[in-house]
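In what follows, a single structure is set out as structure tokens and then discussed.
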Amino acid sequence: IILCAGDDFIIKNFVQEFFHPDRGFVKTQVVVIHRNSESQLSENVFDMRLRSRLTIIKGQPLSPSVMKRAKVSKAQEFILISTKSGVSID
């Protein structure tokens, strides 16, 4: 799964719900494309127990070079979540 969202809160909620213990063990690898660096995002959002199932790529979600690094062509799902207002938070 490729997940693109500009808001840390949205990413955190998605990851927590997707990997919730009630779902059992999920083998799926999630690639998060985000504008912030990996260290900033992982410190703010992710539980360290999930790090082995997450890859964070810094960049703009629709950039061809970022899409290539994320291996979008091999992904089974591509999820792009906008902010509620639709306005860029940058």
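- Taking hydrophobic clusters as Ile, Leu, Val, Met, Phe, Trp and Tyr residues chained together by side-chain heavy-atom distances below 4.5 Å, I57 shares a cluster with L62.
- Hydrophobic clustering of Ile, Leu, Val, Met, Phe, Trp and Tyr side chains at less than 4.5 Å, counting indirect connections, unites V72 with V31.
- Closest of all the heavy-atom pairs between A70 and I2 is O-CD1, 3.4 Å.
- In terms of heavy atoms, F19 sits closest to V30 at CZ-CG2, 3.7 Å.
- How far OG of S63 is from CZ of R69: 8.0 Å, rounded to the nearest 0.5 Å.
- When every heavy atom of G59 is checked against every heavy atom of I33, the shortest pair comes out as O-CG2, 3.6 Å.
- The two residues E17 and R23 have their closest heavy-atom pair at O-NE, 2.8 Å.
- How far CG of L3 is from CZ of F78: 9.0 Å, rounded to the nearest 0.5 Å.
- What you find for I11 and A5 is that their closest heavy atoms are CD1-O, 3.4 Å.
- Scanning both residues, K58 and V66, for their nearest heavy atoms gives O-CG2, 4.2 Å.
- When hydrophobic clusters are built by joining Ile, Leu, Val, Met, Phe, Trp and Tyr residues whose side-chain heavy atoms come closer than 4.5 Å, directly or via intermediates, I81 is grouped together with L54.
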Please determine whether side chain to side chain contact (heavy atoms under 4.5 Å, CB included) holds for the pair F14 and V32, giving the CA-CA distance in whole Å, both sets of side-chain angles, and the decisive distance to 0.1 Å.
CA-CA 11 Å; F14 176 89; V32 177; over 6 Å; no
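- In this structure, NE2 on H34 lies 10.5 Å from CD on Q60, to the nearest 0.5 angstrom.
- Residues V15 and I1 are members of one and the same hydrophobic cluster, defined by side-chain heavy-atom contacts under 4.5 angstrom among Ile, Leu, Val, Met, Phe, Trp and Tyr.
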